[in-house]
Amino acid sequence: MYKYILRRILIMIPMLVLISIIVFTFSKLAPGDPFTGEFDPRITKDILDKKRAMFNLYDPPYKQYLSWLKNVLQGNFGVSMRFGFPVSDLLAERIPNTLFLAITSLIITLIVSIPIGIISARRPYSLIDYSATTFGFLGLATPNFYAGLIAIYLFSIQFGWLPAQGTITAGADYTGLALFWDKFKHVIMPASTLGLAQTAGYMRYMRSEMMEVMGKDFIRTARSKGMPERVILYKHTLRNALIPIITLLGFEFGALVAGAVITENVFSWPGVGTLFLNAVINRDYPIIMAINLIIATMVLVGNLLADIFYVIVDPRIRYD
Amino acid sequence: METQIDTRHSASKSLNKSKENTPWRIAFRKFKRNRMAVLGVWVLLIIVMIGIFAPYLTPHDPEYADLLNTNGKPDKVHWLGTDSSGRDIFARLLYGSRISLIIGFSAMLFTIVIGTILGSVAGYYGGKIDNIIMRLADIQLNFPFLLLVMTVVAILKEINILIFVSVMAFVSWPGITRIIRATFLSLREQEFILSARSIGGSDFRIIFRHMLPNAMGPIIVNATLFMAGMIISESALSFIGFGVPQPTPTWGNMLTEALSLRVLQYEPWAWIPPGIMIVITVLAINFIGDGLRDALDPRMRKS
Amino acid sequence: MKQTVLVEVKNLKKYFPIKGGILKRTIGHIKAVDDVSFTMYKGETLGIVGESGSGKSTMGRTMIRLYEPTEGEVFFEGDNLFKYSRKEMRRVRKGMQMVFQDPFASLNPRMTIAELIEEPMVVHKLYDRSERNEKVKELLNKVGLQAEYGSLYPHEFSGGQRQRVGLARALSINPKLIIADEPVSALDVSVQAQVINLMKDLQDEFELTYLFIAHDLSVVKHLSDRVGVMYLGRLVELANKKDLYSGPVHPYTQALLSAVPVPNPRLKKERIILEGDIPSPANPPSGCVFHPRCKYATDRCRVEKPLWREIAKDHYVACHLVD
Amino acid sequence: MQTEPLLIIRDLKTYFYTDGKEVKAVDGVNFQIYKGETVALVGESGSGKSVTSMSILRLIPDPPGKIVNGEIIFNKLDLLKLSESDINEIRGNEISMIFQEPMTSLNPVFTIGEQIMEGLRHHHNLDKANARKKAIRLLQLVGFPRAEDIIDEYPHQLSGGMRQRAMIAMAMSLEPKLLIADEPTTALDVTIQAQILELMRDVKEKFNTSILLITHDLGVVAEMADRVLVMYGGQIVEEGDVYTIFESPNHPYTKGLLSSIPSLNDDKDRLESIEGTVPAAHEFPKGCRFAPRCGEKKLSICEEKLPQLQEIGNGHKVRCFLYERVEA
Amino acid sequence: SSTTTDEPTQPDQTNEGTTNDEGNKEEATGPVEGGTVSFAMFSAPGGIFNPLLYEDAYEWNVIGFVFEALLEQLPDLSYGPSLAESWEFSEDKRSITFKLRKGVKWHDGEEFTADDVVYTYTVLAHPDYTGTRSYIVEPFVGFEEFNSGETDTFKGVEKIDDYTVVFHLKEAAPNALDNINFPIAPEHVYGKYEVKDLVNAPETKASPIGTGPFKLDKIVTNESYELVRFDDYWNGKPYLDKIIWKVINQDVAPGLLKSGQLDVMADLNPSDVDLVKNIEGVKIWETPDFGYQYMGFKFGKLEEDGSITPFDKVYNDKKLRQAMAYAINRQGIVDGLLKGHGTVMNAPIPPVSWAAASPDQLNTYPYDPEKAKQLLDEAGYKDIDGDGFREDPNGNKFEITLDYPTGNKVREKSAPIIQQNLKEVGINIKLNAPRDVGSHYDAVGNDEVELFLAGWGLTTDPDPSGIWKSTDTWNFPRWVNEESDRLIQEGLSLKAFDMDYRKDVYVKWQQLVNDELPYIFLYSQNSITAYSDRIQNVKPDAFGITRDIHKWWVKQ
Ligand SMILES: Nc1ncnc2c1ncn2[C@@H]1O[C@H](COP(=O)(O)OP(=O)(O)OP(=O)(O)O)[C@@H](O)[C@H]1O
Ligand SMILES: Nc1ncnc2c1ncn2[C@@H]1O[C@H](COP(=O)(O)OP(=O)(O)OP(=O)(O)O)[C@@H](O)[C@H]1O
Ligand SMILES: [Mg+2]
Ligand SMILES: [Mg+2]
C-alpha cells in the first residue's frame with residue numbers, strides 16, 4: 001500500500017510537468033502581458049520595459065519556462081508580476097480560504113445529499129422522493145451565481161440572518177467559539193451555493209446507487225438472516241452505495257475550486273478563484289501557473305485519496 | 001435470470017407485430033410511459049418552436065437598443081420591459097432560446113463526436129492508443145472546466161458562437177470519452193462481438209454495425225445531460241465575462257446582464273424570464289435524459 | 001477407421017497478462033492455456049470437459065485466432081493459421097465458425113434474425129441479395145424455425161430458439177469446423193435435448209466437425225466421439241469416449257466422473273471427493289498442476305511436469321502414475 | 001416415518017405486477033415438509049421455484065411482487081400473518097436460506113466472520129468473543145481447516161466453493177429447523193458440487209434439519225432428496241417420493257424431463273425431447289399449462305380446463321387429466 | 001498628464017458636485033468621539049501598503065488616510081499646505097523651497113523632518129527602485145546620474161535644515177507642483193531596508209507608519225482593512241474610532257448600504273442611483289469626473305524607430321469622422337446607459353477643468369443623423385448597390401472594424417449601440433467580440449485595430465502630453481499633427497505660468513482636436529458616492545467626500 005501511494009505520488013511529477021508546459025504555452029499564447037493594461041502615460045515605456053526585463057519577459061519562452069521550472073523545483077513559485085509579491089505568499093493568503101469554502105461545501109453536500117438520497121431510495125415515488133427529485137433538478141438547473149445572489153437577497157438583506165460578504169465580521173475581534181460561529185455564519189451561504197449542483201447531483205446519484213444495491217443478492221441474504229431493516233439499510237446497503245460516491249468525490253475537488261471562481265466573486269470571498277480570474281485577465285503567469293499546478297495537484301491528490309478511501313470501504317480493492 | 005424469462009414468450013406470438021418490436025421501438029414505448037420525460041419532450045419542442053418562429057412572435061429586433069427607453073417596465077409594447085440598453089427583453093428571450101439551444105446542442109454534438117471517436121478507438125483497440133488517449137484525458141480532466149475555458153478564451157482573438165462552442169467541446173471531451181470507452185470496453189467482451197469477429201467482420205464493421213448501435217444508449221443519455229450542462233455553463237461563463245458577447249442574446253448573458261440586487265428586487269421581469277427559461281429547459285432536458293436512461297438501460301429491461 | 005486430419009494443434013499456449021499498478025505494467029500472467037496439443041479429424045466431434053476456468057473457452061478461441069496465441073501452432077487443413085495476416089485471417093474464418101454459450105449475449109440485440117444470419121455471407125461477399133434471402137429462409141428451416149421469424153429481433157426468442165439462430169448463423173457460410181462453446185449450458189433441461197439433437201442432425205447433413213466444449217460430462221458423452229479433459233490450462237487426458245468413460249486413467253478424470261450426480265436414486269455410487277479448491281491459473285502449482293488435490297501424489301508429481309503421452313492407441317494422458 | 005409437518009403451504013399464490021401485466025409466478029402451490037426430510041423442488045427456469053422459496057420467508061420484493069393468497073404454516077404459526085419484527089425472528093433463526101450465486105450472495109465489504117457473527121449476535125445476543133468462537137467452530141464444521149484465518153477474510157478472497165461453504169456455515173449458525181437451499185450448487189463445478197452436497201448431508205444429519213432443496217438437476221435430486229416436487233408454470237405438477245418420481249413418473253412433463261437428460265450410463269443415439277418452450281408466466285394457456293407441449297396422449301379437455309393436483313396413491317400426486325379420478 | 005480609467009484612480013479632481021440632500025444639518029449636540037465607519041471597495045487591494053510602491057487604487061483607498069504629501073490639493077484645484085507649511089518658486093522657476101511643518105508626528109511617535117522628504121524622493125530615483133513612480137523625479141536635476149548609479153547622491157532634493165527642503169528641476173514647468181506632489185514615507189522606518197527589498201518589508205505589507213489621521217491596524221487580507229484613529233494627528237485628534245474598508249461585490253453593495261452593514265460606497269452604478277436615493281438615511285454625492293470615454297481611429301503604425309507609418313483608411317477623410325460624430329447618439333448613451341449621470345464630451349479636456357473650452361467654442365456634434373447623411377453624401381459615400389450600406393467614393397464596399405474591451409460595463413454596452421447608430425446612416429461597422437483589457441490594449445498598442453473604444457482618466461492638470469504628442473507611446477490613434485504638437489509644447493512654456501495664457505493655448509488646442517476628431521469623444525461619467533447620514537460633518541467636494549475625515553463623527 002505504501003509503495004503504491006509512493007508510486008502514485010511519483011507518477012504525478014511527469015503529469016504535473018506536462019500540465020505546467022501546457023498551461024505555460026497557453027498563457028504565453030495569450031496576447032499582452034501584465035504591463036499591457038498599465039499605461040499610465042507618465043509611466044514611460046522605458047519604465048515598463050525595465051519591469052518586463054526584470055521578469056525576463058524578453059527571453060525566449062522556453063527559457064522562461066525552464067527558469068520557472070528550476071525555481072519551482074526549488075520551491076519557489078516566483079513573484080507576481082502584478083503585485084510584486086512572491087506568489088507563494090499570495091497563495092498562502094488565499095488557499096486556506098478556498099479550502100475552507102470547498103471543504104465546507106463538500107461537507108454540506110454530503111450531509112444534505114446522502115440522507116435525502118437514502119430516504120428517497122427507501123421510499124421511491126413517495127412525496128419525499130418527489131420533492132427531493134424536484135429540488136435536485138432545480139439545483140442542477142440553477143446557475144450558482146444566481147443562487148448566490150438570491151440567497152444574499154433573502155437571507156442577508158431581507159431577513160438579515162447571515163452576513164453577505166467576506167469570511168469574518170470585520171472589526172469584531174471575535175475569539176474562540178464566537179470566532180468559530182462567526183466564520184460558520186459567513187461560510188454557510190457561499191458553501192451551499194457552491195455545492196448546489198453537486199448536492200443535487202449526489203442526491204440523485206445516492207438514490208439510484210442505493211436502489212441498485214438494494215436489489216443485490218447479498219441484501220436478500222441479509223434479509224433472509226432476519227436482520228432488521230435498519231441494519232440492512234445503514235450497514236449493508238449504505239457501505240456499498242458509498243463506494244462509487246467516493247470515486248466521484250475524488251474528482252470533485254477540482255470542480256469545486258473551479259466553481260469557486262464564481263462563488264467567491266459573488267460573496268467577495270478572498271480565495272484563489274478570484275485571484276485566478278484576475279491573473280488570467282492580467283496575464284500574471286506566475287500566478288496562473290502556480291494555481292493551475294496546485295489545482296492539478298489537488299485533483300491528483302483527490303484522486304489518490306479517493307483511491308485510498310476506496311480501499312478502506314471496498315476490501316475487494318488492493319493495491320500492492 | 002429474469003431477462004431470460006421475460007423474453008421467453010414465444011416468437012410466433014409477436015410475429016404479426018414484428019415491426020413494433022425493434023429494440024428502438026421498445027425503448028420508445030418505455031419512454032412514452034415516463035410521463036415526466038414526455039412532458040420534457042413537449043416542453044423542449046415548444047422551446048425549439050419558439051426559437052424557430054421568434055420573428056413571427058415579436059415585432060421587435062432583439063438587438064435593437066432604444067436609448068430612450070432603458071430599463072423600461074413591462075408595457076403593451078415591451079411585454080417584459082427593456083434591458084439596460086433599451087432592448088426588448090421579450091424579443092431577447094425568444095431569440096435567446098435559439099442561441100442557447102444552438103450552443104447547448106452544438107457544444108454537445110461536437111463533444112459527442114469527439115468523445116465517441118476517441119472513446120470508441122480507445123475502447124476498441126485498447127493498448128497503446130487507449131493509453132495515450134486516456135492519459136490525455138486525465139491531464140485534461142485535471143484542468144477544471146471553467147479555468148480552461150477562461151484561459152483559452154483569453155487567448156483567442158475573436159469569439160463567435162462557433163468558436164465558443166468549439167472551445168466548450170475542446171475542454172469537455174474527456175468526460176464523454178471515458179464513458180464511451182467504458183461502454184466499448186464492456187461491449188468488447190460481449191459474445192456477440194466475438195461472434196462478429198469470428199465470422200471475419202472487419203474492425204470498421206464491428207465498430208459501426210455492432211458496437212456503436214449498442215453504445216447508443218449511454219451516448220444519448222449522456223448527450224442530453226451534457227446539453228443541459230452546457231446551457232448552464234454558458235451562463236456561468238457569461239457571468240465571469242467569458243461568454244457570448246452582447247448584443248447577441250442568450251439566456252445566460254441576459255441573466256448576467258440583469259445581475260444586481262436592484263434588478264433582483266425591483267425588476268423581476270428582467271431576470272425571472274431568462275432564469276425560468278434556463279431552469280425549464282435544463283429540467284426538460286434532464287427529464288428527457290432520465291427517461292432515456294430508463295428506456296435504454298438494458299438492466300431495466302427486466303421489468 | 002482412419003480419418004483425415006482437419007485441425008492439428010501443437011503446443012498451444014495462451015497467457016493473459018495481469019496488469020497492475022498505475023502504469024498498467026504486466027505484473028504476471030494467467031496461464032489460461034498452457035501447452036496443449038491434439039488433433040481433430042474430419043467429421044468427428046471432439047468433446048472438451050473441465051471445470052470452470054480450466055481454459056476451455058480460451059483454447060477454443062485461440063485455436064481460431066479470436067485471441068492471438070502466446071505460443072504454438074494450429075494447422076487448419078494443413079495451413080498454419082498463425083502465419084496469416086489479420087486480413088487473410090478474416091477470409092480464412094469462413095471455414096471455421098463458433099457457437100457461443102450464452103444465447104442471450106451472443107446475438108447483437110439491435111439486428112434482426114435475418115440480418116444476423118445473413119451477416120457472414122455479407123462479410124464474405126457470398127451470393128447476391130435475393131440468393132441470400134433464400135439462403136436465410138432455408139437455414140431457418142434447417143434449424144427448425146419458421147422463415148417468417150427472420151424479421152424478429154433476438155429478444156423475442158427463447159434461449160433454445162436463439163441457440164438455433166446461432167447455429168444457422170454459423171452454418172450460413174458452410175464452415176468445416178464448428179467450435180461450440182458450451183452451447184447448451186444455459187438452456188433449460190427440456191430444451192437442451194432439442195438443441196443437442198439438432199446439432200447431431202446438422203453434423204450428419206453438413207459433414208461438420210465439432211469441437212464441443214461443455215462441463216456437463218453426460219452431455220459431452222452423448223455427443224462426442226473423443227473426449228479431452230482439461231485442468232488448469234492443460235489437457236490431462238484425451239481418449240475415445242468409450243475408453244475415457246469406462247477406463248479413466250488420470251486421477252482427475254476419475255474424480256470428475258465419479259462426482260457427476262446420476263439421476264437414479266437407487267444408484268448410491270462411491271464418490272471420490274477431492275480435497276481443496278482449484279488453484280489459480282495465475283500461479284499454478286509446480287510439477288503436475290493437479291498434485292495438491294491428488295491423493296496419489298508423490299514427490300515426483302510435486303516437482304516434475306508430467307509429459308503428454310499416448311499410453312494406448314488414441315489414448316493420451318499426462319500423469320506420472322501411469323508409467 | 002413422518003408424524004407432523006414442520007411446514008405446510010396451502011394454496012400459495014405470488015404474483016408480480018410489472019408493465020401492467022400480471023405475472024402469476026406461483027399460482028396455487030400446496031405442499032408440506034416434515035421434520036428431518038429433504039424435499040427437492042425441481043422444475044425449469046422460470047417455473048416459480050425461487051419465488052416459492054422466497055415467499056416462505058416473505059422475501060419477495062414488493063413492489064413488484066405480492067403474495068396474494070395462501071397460508072404458510074410453520075410450527076403452527078402462519079408466517080404470512082406475522083409482523084415484520086416477528087418474521088425477522090423466524091428468518092435465519094428458525095428457517096434459513098442459501099442461494100444459488102455464492103459470488104453475489106455475500107456482502108463484498110464485510111468479512112466472512114462479520115457476516116456470520118451478525119446473525120448470532122442479533123438473534124442469540126452473543127457477545128463479540130463468543131460469537132467469534134462459535135463462528136470459527138461453524139467454519140471448521142463446513143470444512144475449513146484454517147477457520148481462524150478465513151473468518152477475517154473477505155468474500156472475494158475465497159473461491160466459489162469456499163463461499164458456498166461459508167454461506168452454509170452462516171445458514172446453519174442458528175441451527176434452524178428448516179434450510180432452504182435455492183440451487184446451491186448450480187454455479188459450481190462438479191467436483192466442488194460433490195463436496196457441497198456431501199457437506200449438506202453431513203450438516204443435515206448433525207442438526208436434524210429439514211431441507212427444501214431447489215434445483216433443476218435431476219442428478220442432484222436423485223442423490224439428495226427423500227421426496228420430490230416437480231413444478232411447471234407456477235404450479236406443482238407432480239409430487240412423490242424420490243423412487244416413485246424417478247421410476248414411475250406419471251405426469252408427461254416429468255416423463256419428458258427424465259428421458260431428455262443424457263445419461264452417463266446408457267447410449268441412446270437420440271435424446272427424447274419435449275418440443276416447444278416453457279410458457280411465459282404472464283401468458284399461460286387457458287387449460288393445462290403443459291398442454292401445448294404435451295405429446296401424444298393429450299385430451300381435448302386439457303386445452304380447456306386446468307387439472308387439479310390429485311393423489312393417486314401413497315403420497316404420489318399428479319396434476320393431469322390422464323390420472324384424474326373424479327371428473328370435475 | 002493622465003492615467004488610465006481602466007483602473008479606478010485616486011480622485012484628484014475638482015468642481016461642483018451635487019448631493020440629494022443639500023447642506024449637512026449639524027446636530028445641536030456637537031461632535032462626539034467614537035464610532036466606526038465602513039467603506040466599500042469592489043476589488044481587493046494588491047497588498048502593497050507603502051506609498052513608494054503601491055500599485056493600485058485599492059491600496060491607496062487604505063493608505064490614503066495614513067500618508068500625507070507635502071501639499072494638499074484644495075477643492076478649487078489649487079494647492080494648499082499640508083506637511084509643508086509653505087513653498088516658494090525661485091526666479092527661474094526651477095527650484096522650489098518647501099518649509100516643512102514642525103511638530104508633526106509619525107504614527108510611531110517619531111518626529112517628521114526633512115530627512116523623510118529627501119528619503120522619499122531619493123528612493124523614487126534610486127537605481128534599485130522596483131516601483132513605477134520614477135517619473136515623479138525624472139524632471140529633477142541629477143536624476144539620470146543617480147538612477148544609472150553614476151552618483152551616490154541625488155542632487156534633485158536638497159535638505160537645507162530639518163525643516164527646509166529644496167527641489168531642483170531641470171526645466172521650469174507650470175504644472176510642476178502637480179507632477180511632484182507625493183506622499184511622504186518615513187525614513188526611520190523604511191530606511192532600514194535596501195531599496196530593492198522594500199517591497200517585502202513587513203512595513204510594506206502591513207503596519208505602515210504615516211502621519212495621517214488614521215493608522216492601519218488590522219488586515220484580513222483581501223477582505224477588510226481596519227484603520228484606527230491616530231491621537232497625535234497634527235491637524236487635531238480625529239473623532240472616529242475606526243474606519244473599515246471592506247471588499248464587497250459591487251452588485252451587492254447597495255443592499256448592504258440599506259441593511260446598514262456599510263456606510264460609504266463610492267462609484268455607485270448610475271442605474272442604482274434611483275434605488276439608493278430612496279433608501280432612508282443614505283445620501284448621494286455626485287460630481288463630474290476627469291475621465292472620459294472615446295472611440296479612437298487608427299491612422300498609422302508606430303515603428304520600432306519611433307516613426308509612424310500612416311495607414312490608408314477610409315476614415316482618413318475628416319468628413320467621414322465628423323459624420324460619424326453626428327450619427328452617434330452620444331446624449332442618448334448618457335441618458336440611456338448612464339441614466340443622465342454624465343456629460344457628452346467634445347474635446348479632450350473635461351468640462352470640469354479650468355482649462356476646458358466652453359461649448360460655444362467647440363462644435364458639439366449634436367445627434368443628427370440627417371446631417372451625418374448629408375455630410376456623407378457630400379463626401380461621396382453613397383449606397384450604390386442598395387444594401388443599406390454606403391460604398392466609399394470609389395464605389396468599393398467599406399466596412400470598419402470596431403474593437404472594444406470588457407470590464408467597463410457601460411462602455412461594453414455602448415459598442416453595439418454605436419454600431420446600430422452608424423448603421424442607421426449607412427456606415428457598416430463590424431463589431432469584434434470584446435476582449436479582456438490586456439488583449440484589447442495589446443492590440444491597440446500594437447496598432448492592430450481600426451476603430452477602438454477606450455477611455456482615459458486624467459489628473460487635474462490639463463497638460464495633454466503623454467497621450468497627445470505625435471511621438472507619445474500612448475498616442476493610440478498615431479495621429480500626427482504639427483500644430484497640435486506645437487500647442488502642447490506651448491502649454492508648458494514659461495509663458496504658461498500665466499494661467500490665462502495657458503488656458504488660451506489649451507482652448508486653441510481643443511478646437512483643433514474637436515475639428516480633426518482623431519477620437520470621437522463620447523462621454524464622461526460622473527462619480528457618485530453614497531453615504532450614510534449617520535456620518536456628520538461630511539464636506540463633499542470634487543475629490544469625493546473624505547476631505548478632513550478627522551473631523552467626521554457619527555451619531556451614536
Ligand atoms: N480475456 C481474458 N483476459 C484475462 N484473463 C482471461 C480472459 N479470458 C479468460 N481468462 C482467464 O483464463 C482462464 C481460463 O478461462 P476460460 O474462460 O478459458 O475457462 P473455461 O474453461 O472456458 O471456463 P468456463 O467453464 O467458466 O467457461 C480463467 O482463469 C480466466 O479468468
Ligand atoms: N422480481 C421479479 N419481478 C417480476 N417478475 C418476477 C420477479 N421475480 C420472479 N419473477 C417472475 O416469476 C416467475 C418465476 O420465477 P422464479 O425465479 O421463481 O423461477 P425459478 O423456477 O426459480 O427459475 P430459475 O431456475 O431460473 O431460478 C418468472 O416468470 C419471473 O418472471
Ligand atoms: Mg468457458
Ligand atoms: Mg430460481
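Only this structure's heavy atoms are used, side chains among them; waters, hydrogens and symmetry mates stay out. Letters go in sequence order (proteins before strands), and every chain restarts at 1.
Of all heavy-atom pairs between Val260(C) and Val190(D), the closest is CA-CG1, 3.9 Å. Closest approach of Val220(D) and Pro261(C) over heavy atoms only: N-CB, 3.7 Å. Contact record, Val262(C) with Ala222(D): O-CB, 3.4 Å, taken as the closest heavy-atom pair. The nearest pair of heavy atoms linking Asp189(D) to Ser52(C) is OD1-N, 2.9 Å. The two residues Glu44(D) and Asp188(C) make their nearest non-hydrogen contact at OE2-CB, 2.8 Å. Of all heavy-atom pairs between Pro263(C) and Phe246(D), the closest is O-CD2, 3.3 Å.
With values rounded to the nearest 0.5 angstrom, Ser190(C) atom OG is found 10.5 Å from Ile261(D) atom CD1. With rounding to the nearest 0.5 Å, the separation of CG in Leu218(D) from CG in Asn264(C) is 11.5 Å. Rounded to the nearest 0.5 angstrom, Asp217(D) CG and Asp216(C) CG are separated by 7.5 Å.
For chain C, no part of Val221(D) is nearby; none of its heavy atoms comes within less than 4.5 Å. In this structure, chain C has heavy atoms under 4.5 Å from both the backbone and the side chain of Gln195(D). Heavy-atom distances place both the backbone and the side chain of Leu217(C) under 4.5 Å from chain D. For Glu223(D), the parts lying near chain C are the backbone and the side chain together; criterion is any non-hydrogen pair under 4.5 Å. In this structure, the portion of Glu247(D) lying under 4.5 Å from any heavy atom of chain C is its side chain and not its backbone.
Residue with the most contacts toward chain D among Gln192(C), His215(C), Gln194(C), Arg293(C): Gln194(C) (heavy-atom pairs, distance under 4.5 Å). With respect to chain D, the highest number of heavy-atom pairs below 4.5 Å among Asp201(C), Leu257(C), Leu223(C), Ile196(C) belongs to Asp201(C).
Atom CD of Glu148(D) has more than 12 neighbouring heavy atoms from other residues, nucleotides or ligands inside a 6.0 Å radius.
In terms of modelled atom types and a separation under 3.5 Å, the side chain of Glu51(C) and the main chain of Thr191(D) share a donor-acceptor contact.
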